There are 4 protein chains.
Amino acid sequence: MNNSFGRIFKITTWGESHGRAIGVVIDGCPAGLEISEDDIQVELNKRAPGNISFTSPRKESDRAEIFSGLFEGRTTGAPISIIISNRDANRSHYDDLKNFYRPGHANYTYLQKYGIFDPYGGGRSSGRETACRVAAGAVAKKILRQLGIQIRAILTEIGGCYDPQKMQEILEEVFQAGDSVGGIISCEIFNLPPGLGDPIYGKIESLLSDAMLSIPASKGFEIGEGFKVSQMKGSQHNDSFKLNAGSVTTETNHAGGTLGGITVGTPLLFRVAFKPTSSIKIPQKTLTLSHEERDLKQPAEARHDPCIAIRAVPVVEAMAALVIVDAYLCNRVSRIKEENNLSFS
Amino acid sequence: MNNSFGRIFKITTWGESHGRAIGVVIDGCPAGLEISEDDIQVELNKRAPGNISFTSPRKESDRAEIFSGLFEGRTTGAPISIIISNRDANRSHYDDLKNFYRPGHANYTYLQKYGIFDPYGGGRSSGRETACRVAAGAVAKKILRQLGIQIRAILTEIGGCYDPQKMQEILEEVFQAGDSVGGIISCEIFNLPPGLGDPIYGKIESLLSDAMLSIPASKGFEIGEGFKVSQMKGSQHNDSFKLNAGSVTTETNHAGGTLGGITVGTPLLFRVAFKPTSSIKIPQKTLTLSHEERDLKQPAEARHDPCIAIRAVPVVEAMAALVIVDAYLCNRVSRIKEENNLSFS
Amino acid sequence: MNNSFGRIFKITTWGESHGRAIGVVIDGCPAGLEISEDDIQVELNKRAPGNISFTSPRKESDRAEIFSGLFEGRTTGAPISIIISNRDANRSHYDDLKNFYRPGHANYTYLQKYGIFDPYGGGRSSGRETACRVAAGAVAKKILRQLGIQIRAILTEIGGCYDPQKMQEILEEVFQAGDSVGGIISCEIFNLPPGLGDPIYGKIESLLSDAMLSIPASKGFEIGEGFKVSQMKGSQHNDSFKLNAGSVTTETNHAGGTLGGITVGTPLLFRVAFKPTSSIKIPQKTLTLSHEERDLKQPAEARHDPCIAIRAVPVVEAMAALVIVDAYLCNRVSRIKEENNLSFS
Amino acid sequence: MNNSFGRIFKITTWGESHGRAIGVVIDGCPAGLEISEDDIQVELNKRAPGNISFTSPRKESDRAEIFSGLFEGRTTGAPISIIISNRDANRSHYDDLKNFYRPGHANYTYLQKYGIFDPYGGGRSSGRETACRVAAGAVAKKILRQLGIQIRAILTEIGGCYDPQKMQEILEEVFQAGDSVGGIISCEIFNLPPGLGDPIYGKIESLLSDAMLSIPASKGFEIGEGFKVSQMKGSQHNDSFKLNAGSVTTETNHAGGTLGGITVGTPLLFRVAFKPTSSIKIPQKTLTLSHEERDLKQPAEARHDPCIAIRAVPVVEAMAALVIVDAYLCNRVSRIKEENNLSFS
């Protein structure tokens with residue numbers, strides 16, 4: 001199993017949904033960065049159920065605690081260990097579920113791979129792991145803020161609709177029906193310097209798509225015009241270079257901010273598709289672990305998120321922040337310039 | 001720069017479009033595999049221009065030579081070095097292009113990143129690097145064949161059309177117009193065992209999307225229903241488990257063969273979007289390296305691929321093969337079973 | 001900073017000497033292994049001060065707690081997070097030390113590298129980090145026990161003496177004098193299968209020396225005859241192959257169990273040198289952070305380990321266990337044999 | 001198998017002793033470095049037999065050719081592929097040897113690991129692979145020269161003797177006897193900046209020992225006083241800090257240039273032990289592959305290096321250069337200073 005993400009700015013997450021705690025270790029954060037538990041809390045609160053209607057009623061009130069890596073409020077270059085306790089861990093209603101191969105869930109595949117599975121809250125396969133990504137992303141965002149780089153993800157489509165009011169209606173409908181619906185998140189990154197990303201296997205879009213497809217329930221990634229490129233001609237799609245206040249930029253941004261895998265300096269624009277929440281209240285035909293056909297019914301008191309994409313918004317931002325900080329640090333060793341005390345003849 | 005791909009079965013590619021040669025080193029191929037230059041040639045021929053209408057007229061007639069890693073026709077566990085000479089490397093018509101920031105090309109971003117760029121044939125940023133991927137993919141495919149796993153990629157959409165005859169018409173049109181068009185490749189992988197992929201950051205879909213977005217000109221990746229999930233309800237999207245001849249499988253395959261990042265055992269289905277070829281014959285407004293506005297015109301004798309997606313088909317297959325072999329090898333250390341001489345009490 | 005060790009069985013440690021806690025995340029432990037906090041405690045107790053005379057009087061009574069990765073007493077393939085609280089963290093007597101560049105200590109170099117340093121107990125540079133290695137090593141040892149592999153490290157030399165009684169005398173002397181002394185640890189690994197280790201850059205001796213030189217205060221590593229090889233002829237040093245009860249083995253074991261970087265199957269024998277403890281009670285000439293020449297005097301109540309090599313014994317065993325388990329797992333993908341369901345040709 | 005070394009400045013070597021060629025791919029070399037085939041040839045010539053008495057008579061006259069990664073004489077950030085053809089590859093006298101488990105050689109262990117072995121010239125296990133390290137080291141040295149860092153390795157001990165004249169006598173003796181002898185190489189690195197090396201698992205001494213123990217025939221590594229530390233007291237071993245022309249340095253350098261795994265700025269001093277050449281002319285008792293006891297006799301015309309340590313000198317320098325350049329690049333992302341366009345409030 002691989003629980004690490006990143007090359008220089010690297011995170012390792014651990015913990016199960018209903019265990020004692022979950023956590024993340026950030027390794028490779030440069031020394032000298034001012035960071036506090038409040039910086040992390042602000043981001044964690046974005047995924048808190050209280051802030052979002054129609055998301056899981058579990059009162060997480062997650063509190064991130066920093067256990068290492070700081071001295072007098074600044075990073076020291078040592079690993080930053082952040083721990084979030086699991087409080088509301090009611091295991092009882094999983095006892096009914098644990099004998100089923102749950103449609104859309106990972107217990108069948110985990111059992112095939114590992115021969116063992118922690119059924120309580122989905123164990124390691126729970127979306128709860130993403131709280132660790134958001135916590136680590138908060139540190140990455142702090143660095144980006146110093147660099148003037150901004151990331152903004154928003155939910156732009158639910159049930160095939162783009163109109164916010166319609167989206168709200170659809171949510172109410174599926175919630176009442178005990179069903180769920182998919183959604184699409186759009187993300188924009190502004191004020192990026194040109195030069196981030198490696199040209200062959202660490203292309204900025206490869207890194208981002210890897211990051212986004214690692215978020216539970218995601219099913220697609222596209223950058224710039226994405227899948228619409230099939231309907232475009234080269235003469236339409238190519239972005240012409242032009243000068244803007246003395247700087248090189250492009251007339252249009254069909255590419256979504258990258259050429260040859262490297263940032264152009266224009267906004268990075270990408271979209272991520274999320275499937276409908278797998279846990280629904282409607283009974284579903286499936287098998288028990290002993291291969292009997294049965295109807296699976298969620299317990300009435302179980303949580304119900306009608307649209308998991310809503311909760312994925314801060315996770316998309318966090319993963320994007322991790323990718324950009326890592327690419328920024330990697331880029332610092334691509335070329336050694338004179339001003340960095342090294343002049344190659 | 002990062003020119004390696006894979007974790008256990010790892011490739012490193014090198015070489016520029018118009019240099020002496022390009023090559024790939026495969027590290028981590030298990031010992032004992034029968035492999036020959038013919039095995040590789042068969043795959044390389046799939047990307048040869050002679051086999052495809054409307055692709056670049058450069059007569060590559062690439063010949064892959066194996067320089068190391070074999071003894072008496074079998075792999076020894078040592079790195080396999082494959083080298084492909086560059087024969088048809090006419091540099092002259094790049095002299096006109098090298099002073100322009102070429103729309104849709106990588107010379108602007110490379111110059112921003114590295115301060116230096118090899119303009120001949122695009123240097124390292126050329127699609128020619130993908131020949132190395134196809135060569136390495138041929139070795140991976142040989143392993144997959146032993147395991148009974150099959151990969152099949154096809155071009156399913158050009159210019160927004162799915163009808164092969166219409167697709168041909170569109171190609172002729174854009175070719176005559178000196179323009180280009182985007183396309184979408186669909187890929188299916190059959191007979192996969194369940195259990196491949198890591199559940200958090202090495203999800204099989206993350207690995208595949210990383211691989212696909214690393215192919216030049218790719219702009220999107222989706223698995224299963226992909227971006228259509230936004231229009232689906234959970235009750236529609238969830239694949240019910242059922243028995244088939246005593247084995248667990250699913251009624252439908254909306255997920256595209258993966259749950260929680262791990263293969264289910266059902267076919268893996270994904271799609272990749274490719275932008276229109278950036279090099280077109282139609283003049284384009286752009287800047288010179290010295291920031292003058294000029295029209296860029298491709299030399300008449302320059303190659304012209306009206307749809308780069310056509311040539312990407314064997315590359316998609318090769319990258320998929322590399323991902324699956326790597327995931328297969330990684331999976332061998334996920335759980336240690338009794339039959340592998342290790343019984344955990 | 002790099003706080004991870006290992007390739008497939010990988011650990012990441014975090015925490016400072018006088019922070020809230022220290023910890024380790026083990027990633028890549030195969031699923032199905034029975035493990036308990038007691039298994040870890042047994043190893044941690046070996047480094048407890050109560051068990052060793054003349055080691056630091058700090059009453060650590062470390063308690064390792066497992067926070068993740070287990071279900072019903074067995075590993076699930078998920079990361080294993082082990083946390084050890086810091087109890088006896090008296091910061092006061094470091095206030096006198098924190099303005100000095102301490103001879104033999106790392107505060108000068110950390111400040112040069114990071115521009116910031118946690119002086120309390122040495123922060124991250126403290127030997128306390130090795131408790132995490134011992135905890136992770138306990139999990140590795142559990143696997144080795146299933147495989148019948150045994151590791152035994154002993155202190156074989158102090159102050160140039162090999163006689164245990166003399167060693168005890170030397171310790172008393174340096175302790176009374178407020179001084180310290182260096183030592184050498186010998187380690188033997190029995191019952192190893194042949195074939196572990198990679199032949200070029202992951203040689204078993206490279207991996208071990210990397211591991212051993214990462215232990216604080218270590219200054220040398222040798223395998224087999226080590227530095228004595230300079231005094232030997234090839235005709236003496238070469239180990240002849242012979243049969244023993246039908247199996248191939250060697251007459252002698254000058255090589256120390258490895259040929260071409262790969263285990264032979266004979267015992268692995270290596271030695272590690274540890275410098276004298278840097279913290280001594282004798283006043284030392286040095287500089288303050290503001291570059292004034294001053295005598296540094298340890299506070300009377302500060303801990304005093306006359307020979308750090310004593311406490312390094314369980315750490316040497318732990319690191320050896322981590323290296324061997326990792327090499328064992330890596331070796332499982334070197335060759336795919338028929339009995340593993342894959343027959344090449 | 002792992003044929004890569006390094007983290008940011010990373011090399012991958014390939015090729016067998018008697019195959020068509022051997023080669024190395026350097027990935028991660030910063031763009032803008034002036035480099036030529038002559039730069040590499042100068043280093044390769046240091047290991048040429050003509051320059052050393054009593055080394056293998058094989059007339060290698062190795063010529064390194066650069067196949068990629070340069071444009072107009074400068075590195076572009078793309079991978080640098082260097083290839084060295086194998087010319088003098090007489091396979092015939094290995095036919096007598098290939099049925100024996102050769103004492104001190106790797107064919108037994110390779111066969112145990114991989115089930116297959118290329119016996120000609122030792123295949124991949126040949127010392128010939130080190131030519132690739134020397135070639136890559138030449139590029140690293142070019143960078144170090146720009147930084148003013150110098151590496152100097154010399155053979156300081158043969159057969160237990162330090163006197164050059166006596167060393168020459170011993171060499172003649174063992175050569176006449178068809179025997180071989182071990183040796184020790186000392187290496188000094190001058191003018192290093194403080195701050196290189198990671199404090200926990202990437203200590204500069206760990207990286208160096210890993211590198212040195214990866215050189216064929218090496219059996220030990222020590223830094224500073226090395227194994228002599230066992231005979232020292234802390235009051236002797238600790239290096240006092242002092243001012244020298246306004247800069248902090250140490251009175252003595254017992255540590256060998258590193259504290260807490262990070263360079264101090266004083267010279268880095270280490271030693272590496274090499275066993276006697278395994279191939280000797282004296283007949284040796286051993287087993288055939290079919291387990292018969294037989295005397296192994298080298299063919300009269302086979303090469304005979306009486307002391308492999310002699311040829312290891314440029315390899316030690318090359319590996320040290322690779323470690324230092326990599327640590328230098330890694331260090332550039334440890335702390336982000338204001339002058340690097342990033343001010344952390």
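Chain identifiers are assigned alphabetically (A, B, ...) following the order of the sequence lines, protein sequences preceding nucleic acid strands; residue numbering begins at 1 within each chain. Values in this document were obtained by computation on a predicted structure and should not be read as measured data.
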Which portion of D:Met319 sits near chain C, non-hydrogen atoms under 4.5 angstrom = side chain
Tell me, for C:Glu293 versus chain D, whether the close heavy atoms (under 4.5 Å) come from the side chain, the backbone, both or neither.
-> neither
In short, D:Ala273 meets C:Phe227 closest at the heavy-atom pair CB-CD2, 3.6 Å
Distance in Å, C:Leu259 CG paired with D:Gln112 CD, rounded so as to fall on 0.5 Å steps = 11.5 Å
With side-chain contact (heavy atoms from CB on, under 4.5 Å) as the test, would you mind laying out the steps for D:Val248 and C:His291 before giving the verdict?
-> CA-CA 8 Å; D:Val248 176; C:His291 292 194; 3.3 Å; yes
C:Val333, part contacting chain D, at a heavy-atom distance under 4.5 Å = neither
Below 4.5 Å from any heavy atom of chain D, which atoms of C:Arg271 appear? Answer side chain, backbone, both or neither.
-> both
Heavy-atom proximity to chain D below 4.5 Å, by part of C:Asp179 | side chain
Highest number of heavy-atom pairs under 4.5 Å with chain C: which of D:Glu251, D:His254, D:Gln231, D:Met212?
-> D:Gln231
Most heavy-atom pairs under 4.5 angstrom with chain D, which of C:Gly197, C:Gly234, C:Ser230, C:Cys330?
-> C:Ser230
Max heavy-atom pair count under 4.5 Å with chain D, selected residue of C:Pro193, C:Ser4, C:Gly202 | C:Ser4
Can you say whether C:Gln236 sits under 4.5 Å from chain D via the side chain, the backbone, both, or neither, judging by heavy atoms?
-> neither
NZ/D:Lys228: more than 12 non-hydrogen atoms of other groups inside 6.0 Å = no
Just wondering, do D:Gln284 and C:Asn238 contact through their side chains at under 4.5 Å, heavy atoms?
-> yes
Find the distance between OG (D:Ser180) and CE (C:Met232) and round it off to the nearest 0.5 Å.
-> 10.5 Å
Part of D:Leu196 within contact of chain C (heavy atom distance under 4.5 Å) | backbone
Among the options D:Glu157, D:Lys242, D:Arg133, pick out the one with the most heavy-atom pairs lying under 4.5 Å from chain C.
-> D:Arg133
Under 4.5 Å from a heavy atom of chain D, the part of C:Phe274 involved = backbone
Nearest heavy-atom approach of C:Gly195 to D:Lys113 is O-NZ, 2.7 Å
Report the option among C:Gly260, C:Ser209, C:Gly220 that has the most heavy-atom pairs separated by less than 4.5 Å from atoms of chain D.
-> C:Ser209
For the side chain of D:Ser206 and the backbone of C:Ser214, is there at least one donor-acceptor N/O pair under 3.5 Å apart?
-> yes
Counting heavy-atom pairs under 4.5 Å with chain D, the top scorer among C:Ile262, C:Val181, C:Ile215 is C:Ile262
Atom group of C:Thr250 that falls short of 4.5 Å from chain D, counting heavy atoms | neither
Under a 4.5 Å heavy-atom cut-off, does chain D meet the side chain of C:Ile280, its backbone, both or neither?
-> side chain
Proximal component of D:Ile185, with respect to chain C [non-hydrogen, under 4.5 Å] | neither
Contacting region of C:His237 [heavy-atom separation from chain D under 4.5 Å] | side chain
Donor-acceptor under 3.5 Å (C:Lys219 side chain, D:Ala255 main chain) | yes
Between D:Ser235, D:Ala309, D:Gly104, D:Ser125, which has the largest tally of heavy atom pairs under 4.5 Å with chain C?
-> D:Ser235
Less than 4.5 Å apart, any side-chain heavy atom of D:Thr109 and any of C:Pro194?
-> no
Sort C:Ile116 into side chain, backbone, both or neither according to what part of it lies under 4.5 angstrom from a heavy atom of chain D.
-> neither
Which bit of D:Glu225 comes within less than 4.5 Å of chain C, counting heavy atoms only: side chain, backbone, both or neither?
-> neither
Atom CZ of C:Arg7: over 12 foreign heavy atoms under 6.0 Å | yes
Give the member of C:Glu205, C:His105, C:Glu222 that has the highest number of heavy-atom pairs under 4.5 Å with chain D.
-> C:Glu222
Could you look at D:Leu208 and say if it's the side chain, the backbone, both or neither that has a heavy atom under 4.5 Å from chain C?
-> neither
Heavy-atom check, side chain of C:Thr13 versus side chain of D:Tyr201, under 4.5 Å | yes
Does D:Asp210 use its side chain to pair, donor to acceptor, with the backbone of C:Asp210 at less than 3.5 Å?
-> no
What part of C:Leu155 gets closer than 4.5 Å to chain D, counting heavy atoms only: side chain, backbone, both or neither?
-> neither
Answer whether the closest heavy-atom distance between the side chains of C:Ile200 and D:Glu129 falls below 4.5 Å.
-> yes
Contact leader toward chain D among C:Ile308, C:Thr277, C:Leu287, C:Thr286, where contacts are heavy-atom pairs under 4.5 Å | C:Leu287
Check: C:Ser240 and D:Lys285 side chains under 4.5 Å, non-hydrogen atoms = yes
So do C:Pro199 and D:Tyr114 actually touch side chain to side chain, heavy atoms under 4.5 Å?
-> yes
Hey, could you give me the CG/CG distance between D:Leu207 and C:Leu213, rounded to the nearest 0.5 Å?
-> 9.5 Å
Are D:Ile282 and C:Lys233 side-chain neighbours, meaning at least one heavy-atom pair lies under 4.5 Å?
-> no
